[in-house]
Amino acid sequence: MRNIKEVADAAEMIVNGYAFTKDCENVRVLNLNNPHKAVYLSRRGDVLETSMDDIELEIVLEYYQKNRKYMEE
């Protein structure tokens, strides 16, 4: 696992402790306060893989939908 600081530094945006990082056509999201909790999203916001519970996942998806315009080139 990469160093948390490296993940945060490489992130396109951080919202409320979640680092959002572009990965080709998808987005990796890491909970910086609990790095075992992560989700891999399509650019549209579809969940491809996750280790988050349903409640945390819904919160992250809402953050992504509201802020994804800041990640676009």
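All figures in this text were calculated on a predicted structure; none of them were measured in a lab.
- The two residues G17 and I14 come nearest to each other via the heavy atoms N-CG2, 4.2 Å.
- Rounding to the nearest 0.5 Å gives a distance of 6.0 Å between CD1 of I4 and CG of L32.
- Put simply, V15 and V47 are part of the same group of oily side chains (I, L, V, M, F, W, Y) that touch within less than 4.5 Å, one to the next.
- A pairwise comparison of heavy atoms in R68 and R44 identifies NH1-O, 3.0 Å as the closest pair.
- Residues passing the salt bridge (charged side-chain N to carboxylate O under 4.0 Å, His left out) test with D54: none are found, sequence neighbours excluded.
- Closest non-hydrogen pair, A19 versus V7, comes out as CB-CG1, 4.1 Å.
- Taking the six-membered ring where the residue is Trp, Y64 and F20 present parallel rings, their angle staying beneath 30° rather than reaching 60°.
- Put simply, the side chain of V39 does not reach to within 4.5 Å of the side chain of E49, judged on heavy atoms.
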Query - Steps toward side chain to side chain donor-acceptor pair (under 3.5 Å) verdict (Y18, E56) - result: CA-CA 11 Å; Y18 294 94; E56 184 175 22; 2.9 Å; yes
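- In this structure the side chain of M71 never reaches within 4.5 angstrom of the side chain of R43, judged on heavy atoms.
- A search for salt bridge (charged side-chain N to carboxylate O under 4.0 Å, His left out) contacts involving D53 returns nothing, not counting sequence neighbours.
- Separating the CG atom in L41 from the CD atom in Q65 is a distance of 8.5 Å, to the nearest 0.5 Å.
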Just list the side-chain donor-acceptor pairs under 3.5 Å for residues 23-30, sequence neighbours left out, or say none.
residue	atom	partner	partner atom	Å
D23	OD2	R28	NE	3.2
D23	OD2	R28	NH2	3.2
D23	OD2	Y40	OH	2.7
N26	ND2	Y40	OH	3.3

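- Considering all non-hydrogen atoms of both residues, T21 and E12 come closest at CA-OE1, 3.2 Å.
- Rounding to the nearest 0.5 Å gives a distance of 5.0 Å between CG of N67 and CE of M13.
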